[in-house]
Amino acid sequence: MRTLKYGKHTDTKWQENWERNGIYKFNRENIEKKFYCLEMFSYPSGAKLHVGHWWNFGLTDSWARVKRMQGHSVFHPMGFDAFGLPAENYAIKTGIHPEDSTMANIATMREQLRTMGGTFDWDHEVVTCLPSYYRWTQWLFLELHEHGLAYRKEAPVNWCPSCNTSLANEQVEHGACERCNAEVTKRNLTQWFFKITAYADDLLAGHEEINWPEKTKAMQKNWIGKSTGATIIFPLEHQAETIEVFTTRADTLFGCTYLVLAPEHPLVKAVVREPFGEQVADYQEQTKRQSEIDRLATTKEKTGVFTGSYAYHPATGERIAIWIADYVLATYGTGAVMAVPGHDARDYDFAAKYHLPIVRVVQGKDGCDDSLPFVADGIVVGSSAFDGLTSEQARIAIVEHLHSQNGHAHFTTTYRLRDWLVSRQRYWGAPIPIIYCDDCGVVPVPASDLPVLLPYNVDFTPDGQSPLAKSAEFVNVPCPKCHKRAKRETDTLDTFVDSSWYFLRYPDNKNNDQPWDIDWINKLLPVDMYVGGPEHAVMHLLYARFIVKALKDMGYVNFGEPFKALVHQGIILGADGEKMSKSKGNVVSPDAYIDKHGADVFRLYLLFGFNYLEGGPWSDDGIKATARYVERVERVIERATEKMNHVGESMGGAEQELNYVLHRAIYGITQDVLDFGFNTCVSKLMELTNALHRYDMEAPTKNGPFVRHVTENFVRLLAPFAPHLAEELWASLGHSNSVHGEAWPQHDPKALNRQRIELAVQVNGRLRDKIEVASDANEDEIKTLALQAEKVLPFLTNTIVRKIIVVKGSLVNIVLG
RNA sequence: GCCGAGAUGGCGGAAUGGCAGACGCACUUGACUCAAAAUCAAGCGUCCUCUGGAUGUGAGGGUUCGAGUCCCUCUCUCGGCACCA
């Protein structure tokens with residue numbers, strides 16, 4: 001008999017026991033039944049685990065535990081996304097080196113994760129800031145470079161003139177620096193890119209084969225922004241060059257009354273004719289100075305200037321004006337558009353403001369309102385030979401016509417997706433393994449020279465250059481090819497590069513010869529279930545898919561998608577319903593609750609109190625209730641244990657009822673847990689607890705062996721959701737093995753059929769009475785009983801029964817009149 | 001503006017087109033107690049002429065024997081994208 005109630009001491013006792021016995025070590029042998037369950041690894045920020053970690057790791061752990069008990073060989077590793085800006089910013093503020101603070105944070109978090117009682121296999125831990133890991137991040141860079149997927153070009157970076165440093169997009173909030181709030185400007189630097197655009201179509205096609213939330217796939221689809229249309233070429237009046245535009249509305253070509261170039265368009269210089277040179281230059285300058293804030297303002301009135309020159313309309317030969325305007329983006333399509341003010345709202349605004357001609361070339365179908373600007377599809381008019389065609393037909397016909405005439409049009413596809421800028425002018429990241437030699441040019445560091453170690457003693461206070469550039473011993477290096485003096489690349493890699501392949505390293509994390517053993521990883525991957533926040537829908541999740549596709553093409557893996565199934569957990573809010581944040585003072589720290597109630601109470605509360613996919617506001621009342629439930633479980637099981645030596649093998653009404661609840665719980669939990677319906681799993685455990693209690697109170701005699709059977713199955717069902725408590729209860733039932741090695745209970749369909757069932761009786765769809773029938777009663781018997789039901793009879797006078805609908809096991813509906 | 005998700009008691013939340021509100025919190029009543037807590041038993045959407053009846057899942061229509069669930073229109077909330085040609 002146990003005297004001590006469940007509490008933190010129970011957690012400690014079993015955590016030590018599990019560790020000693022290594023019960024969560026991944027079994028490499030049983031690979032046929034492997035199940036790779038992964039949570040997005042965390043950034044070792046503050047020292048302590050917060051509710052969000054518990055919510056993601058603890059609850060997915062319960063899910064993984066069910067898989068284990070169902071006989072899967074679950075691979076459930078854990079690691080740390082340890083490079084990144086917060087540590088560096090913290091260092092700038094406090095002087096504590098990022099490596100020191102990060103490693104200290106990791107040590108604390110690791111310990112705290114252990115107190116969760118998770119099934120993590122720490123033998124496979126990965127820490128991205130260690131040379132043994134980033135060596136292979138650098139290898140990945142070199143492989144991409146060798147295959148033409150990493151390249152250099154000049155690109156603007158966000159620049160904070162006050163901090164004197166470049167900023168990542170994440171550090172720019174509403175056009176201002178997140179640290180000092182100064183207005184962020186742009187600066188051009190030559191930087192490294194990964195050619196993710198080469199995989200745009202593959203990334204779209206891959207969505208078909210993965211079990212992800214539709215919402216997330218839709219976000220990626222929008223992000224990639226595939227758009228099919230045509231490129232149309234406009235000859236210039238005075239120059240040999242031509243202007244190419246991209247359009248999805250070639251059907252409106254005859255409505256094009258002017259052209260607009262982006263102010264940054266390379267042809268602007270060639271096109272400008274006096275006396276417009278000065279105003280064009282001014283406008284370009286003005287655009288450049290424009291801050292992010294202004295650019296983001298969509299309500300802003302459109303502006304632009306005339307360049308002084310003209311192009312010829314490729315279909316009509318008409319002379320049309322060329323303007324520049326900042327509503328045309330240099331980075332999308334060709335950086336130039338054909339303006340069709342009659343059928344495009346933006347062009348319409350612009351044309352109206354600057355008095356440019358507006359003509360109709362599309363009419364609405366079946367008399368809908370087609371006042372200009374009319375942007376929907378319709379019937380083409382005013383377009384010579386193409387009149388009368390639908391927009392859909394004209395889009396094809398016009399392009400084909402121009403193409404065959406003089407090649408001035410062809411079908412094109414463009415994407416919104418940009419190549420991935422991976423250079424960071426920062427210290428705390430993996431150095432880019434490239435050397436610049438005056439003679440040999442850009443020279444990749446030979447793979448045998450990896451890792452390029454990140455030096456410890458570096459002045460990383462921001463002063464406008466990459467911190468590594470200030471370390472002479474880092475920068476100066478002999479060229480690997482000609483051995484003359486050369487210089488290292490001083491930028492580091494975006495931390496999203498680290499996290500885009502970490503799941504590939506887990507299975508083979510100690511391999512010093514290669515990033516992974518190909519055969520082994522092909523057996524363990526892809527990840528079967530990936531759980532993490534929806535905020536990563538486009539960045540991390542898209543990058544990881546891209547990297548895996550590239551690695552597949554390079555022959556390093558044989559699968560094309562890293563994450564077969566994906567689930568986004570919701571967010572736990574503060575008690576005030578707001579997002580938890582230090583400034584709002586609504587942060588809930590798990591530690592105090594765990595000290596007081598134990599880890600399982602905390603876990604059970606999270607499991608029970610919310611819908612996992614939605615989250616919700618924290619409640620102290622809820623956790624008190626959960627602590628009471630745990631006490632109730634202990635009481636009920638203690639009472640049950642006292643009954644276990646009662647003789648008796650009869651399955652009377654009370655036994656059958658309890659058995660019914662048991663099997664309904666087994667069935668329900670097995671179903672619900674599959675799609676993370678944890679709250680209903682716990683509610684079914686509660687129902688079973690209540691049923692056990694009722695049996696104890698009400699059954700005239702107790703069937704000892706049956707009570708043991710029910711109790712043991714209850715503890716098995718409880719095990720994934722309250723691992724320490726269940727282990728303790730299991731031991732108290734006289735077992736010396738771990739409950740976590742037990743098989744998941746199977747429901748007996750026969751037990752789910754009760755002998756007599758209650759049916760609702762409706763008259764014209766409204767509930768009037770209830771009848772009790774044998775569960776195997778046939779329809780005629782049920783109908784007869786229903787028509788005789790006491791409260792139904794008054795409705796049957798002076799009318800006829802039109803039909804009777806019987807829904808087996810549920811209700812009868814008598815339709816009258 | 002576009003795309004996506006959602007709206008159910010005082011609260012968290014359940015409901016393969018079939019008895020709305022499972023399970024729990026809070027609350028009310030009773031038992032135990034000198035008393036309180038805990039525990040145990042019971043009640044608990046709203047309204048009414050209250051052993052009964054009406055009504056009820058953001059609003060309004062529709063399909064159906066039957067709608068929280070399906071269809072149409074609208075309101076609001078949240079998330080994402082945002083001059084993408």
Side-chain angles (χ1 to χ4, degrees), chain A residues 213-223 225-227 229-230 232 245-250 252 256 260 262 295-302 325-329 331-340 343-347 349-350 375 414-417 534-535 537-538 568 570-571 605 608-611 613-626 628-629 631-632 635 668 671-672 677 679-690 693 697 758-770 791 802-816:
Chain A
E214 287 304 319
K215 174 191 163 158
T216 310
K217 291 199 245 182
M219 277 172 72
Q220 292 200 341
K221 201 177 158 201
N222 291 340
W223 189 262
K226 181 174 183 169
S227 174
I232 297 179
V245 304
F246 173 74
T247 181
T248 56
R249 293 297 305 274
T252 65
C256 168
V260 190
R295 279 241 160 181
L296 288 171
T298 50
T299 49
K300 189 185 72 152
E301 200 178 320
K302 296 188 188 352
D326 68 355
Y327 80 91
V328 173
L329 306 175
T331 50
Y332 184 77
T334 61
V337 302
M338 61 177 215
V340 185
H343 304 285
D344 181 285
R346 296 155 302 181
D347 296 340
D349 291 346
F350 192 79
V375 299
T414 55
Y415 301 87
R416 207 191 76 109
L417 184 69
E535 67 273 18
V538 280
H568 296 305
I571 300 170
Y605 169 60
F608 178 60
F610 312 83
N611 177 310
L613 307 182
E614 290 167 14
W618 176 264
S619 145
D620 268 0
D621 288 343
I623 201 150
K624 276 183 224 142
T626 311
R628 274 213 305 265
Y629 171 67
E631 286 166 21
R632 181 173 164 83
R635 247 185 342 261
Q671 293 288 312
D672 292 354
N679 50 355
T680 52
C681 290
V682 178
S683 84
K684 276 160 188 123
L685 286 172
M686 287 172 167
E687 281 171 343
L688 182 52
T689 313
N690 293 344
H693 174 73
M697 301 302 282
E758 193 184 61
L759 293 185
V761 183
Q762 296 180 335
V763 177
N764 286 338
R766 313 171 74 132
L767 182 67
R768 295 301 175 187
D769 205 349
K770 295 188 178 186
K791 288 171 194 156
R802 206 140 51 89
K803 61 175 162 178
I804 303 178
I805 290 154
V806 176
V807 184
K808 279 267 172 187
S810 177
L811 58 69
V812 185
N813 190 8
I814 301 168
V815 186
L816 300 178

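We name chains A, B, ... by the order of the sequence lines, and we start the count at 1 in each one.
Side-chain atoms of Lys770(A) come within donor-acceptor range of the base of C19(B), with a qualifying N/O pair under 3.5 Å. Scanning atom types as modelled, no donor and acceptor separated by under 3.5 angstrom connect the side chain of Lys624(A) and the base of C25(B).
The CD atom of Glu214(A) sits 11 Å away from the C1' atom of G4(B) (whole-angstrom rounding). Atom CZ of Arg766(A) and atom C1' of C19(B) are 14 Å apart (whole Å). Distance Asp326(A) CG to C83(B) P: 11 Å, rounded to the nearest Å.
Listed by chain and number, the residues in a side-chain contact (heavy atoms from CB on, under 4.5 Å) with Asn222(A) amount to none (sequence neighbours excluded). In terms of the salt bridge (Lys or Arg N to Asp or Glu O under 4.0 Å) criterion, residue partners of Asp672(A) (sequence neighbours excluded) are, by chain and number, Lys684(A). Residues satisfying the side chain to side chain donor-acceptor pair (under 3.5 Å) criterion with Glu687(A), sequence neighbours excluded, are absent altogether. Every salt bridge (Lys or Arg N to Asp or Glu O under 4.0 Å) that Lys624(A) has, sequence neighbours left out, goes to Asp621(A).
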Using a 4.0 Å heavy-atom cut-off, write out nucleotides 9-18 of chain B from 5' to 3' as B (base contacted by protein), S (sugar-phosphate only) or - (no contact). ---BSS---B
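Glycosidic conformation of G9(B) is syn; the angle stays within 90° of 0.
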Show me the dot-bracket string of RNA chain B, counting Watson-Crick or G-U pairs under 3.5 Å, with | for pairs to another strand and [ ] for crossing ones. (((((((..(((.....[....))).(((((.......))))).((((...))))..(((((..]....))))))))))))....
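Ion pair Glu214(A)/Lys217(A) flagged as a salt bridge, since at least one NZ, NE, NH1 or NH2 atom sits closer than 4.0 Å to an Asp/Glu carboxylate oxygen.
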